[in-house]
Amino acid sequence: QTAQAIHNARLLEMKRRQSDERALLLKVTQAATSSLDLHTVLAEIAHATLGIAGVECTAVEIWHPDTDELEIGAQSTIEEWPGVDEPGTRYPVGYWERDREMLASRDAVRFSIDDAELDQSSRERMIAAGSGSTLVIPLWIGDRCLGLLDLFSRAHDAFDEAAIRICTE
């Protein structure tokens, strides 16, 4: 009976987590269809992602291949977040050393301020931004990368495999 109780409790927790994840995905989907104005939709999506898997700051970056720049399309944070760039802010691809790699990838990239392989420039930018962990998800339609979804947490150990899965969805 004890084993069955443990098994049932684990199943119940897994189902609760899945239900919470589906509710969050529905919230993001509703945000994506909330308006016809691109910046309004991006702002709604950025806001809807807060709280998913520990996300405390979200930025949607639009890639402009003609100028090889990334533009902050929208950004949303919790109140305690130290500061953000304004929507419309542009910076050259390569400002963050991993930008080009992330735009070329179809996979989410997670890094932490504690990662030994993190370059010093990125580490300094993470410190200045108040980020302990970052999850970057390339935004692809067919064979075109349109930009990046950047998810940030102050925790150094945020975004485990389950978080990466739900954030990628």
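One-based numbering along the sequence shown. This structure is a prediction, so every number in the text was calculated from the model and none was measured.
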Run the side-chain contact (heavy atoms from CB on, under 4.5 Å) test on E117 and F111 for me, step by step, so that the C-alpha distance in whole Å, both residues' side-chain angles and the decisive distance to 0.1 Å come before the verdict. CA-CA 9 Å; E117 68 273 3; F111 49 96; over 6 Å; no
Student check: side-chain heavy atoms of [X] and [Y] closer than 4.5 Å:
X	Y	value
R110	T134	no
V55	F159	yes
W63	V93	yes

Backbone N/O of [Y] and side chain of [X]: donor-acceptor pair under 3.5 Å:
X	Y	value
D115	S112	yes
H39	A74	no
S122	D119	no
T168	I164	yes

Does R154 form a side-chain contact (heavy atoms from CB on, under 4.5 Å) with I78? I'd like the steps, not just the answer. CA-CA 11 Å; R154 291 175 290 177; I78 60 170; 3.3 Å; yes
Rounded distance [0.5 Å steps], [atom1] in [X] versus [atom2] in [Y]:
X	Y	atom1	atom2	result
M102	L70	CE	CG	8.5 Å
Q75	T89	CD	OG1	8.5 Å
L118	E124	CG	CD	10.0 Å
I113	S133	CD1	OG	9.0 Å

With a sphere of 6.0 Å drawn around [atom1] of [X], does it hold more than 12 non-hydrogen atoms of other residues, nucleotides or ligands?
X	atom1	value
Q120	CD	yes
E13	CD	yes
R10	CZ	no
L11	CG	yes

Let's go through S131 and W81 carefully: what are the C-alpha distance in whole Å and the side-chain angles of both, what is the deciding distance for side-chain contact (heavy atoms from CB on, under 4.5 Å) to 0.1 Å, and is it a yes or a no? CA-CA 9 Å; S131 176; W81 196 261; 4.2 Å; yes
Stepwise side-chain contact (heavy atoms from CB on, under 4.5 Å) check, L146 with I141: CA-CA 7 Å; L146 302 176; I141 294 290; 3.5 Å; yes
How close do G73 and L42 get, heavy atom to heavy atom, and via which atoms?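 Minimum heavy-atom contact is CA-CD1, 4.0 Å.
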Cationic N near anionic O, under 4.0 Å, R165 to D160: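 D160 and R165: not salt-bridged.
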Does the salt bridge (Lys or Arg N to Asp or Glu O under 4.0 Å) test come out yes or no for D114 and R123, once each step is laid out? CA-CA 8 Å; D114 298 332; R123 187 179 323 281; 6.0 Å; no
Hey, which of V60, I62, V136 is the one that makes side-chain contact (heavy atoms from CB on, under 4.5 Å) with L148?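 The passing option is V136.
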Going hydrophobic residue to hydrophobic residue with side-chain gaps under 4.5 angstrom, can you get from L149 over to L38?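 L149 and L38: one cluster.
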Under 3.5 Å, is there a donor-acceptor pair between the S76 and T58 side chains?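 The answer is no; no qualifying pair exists.
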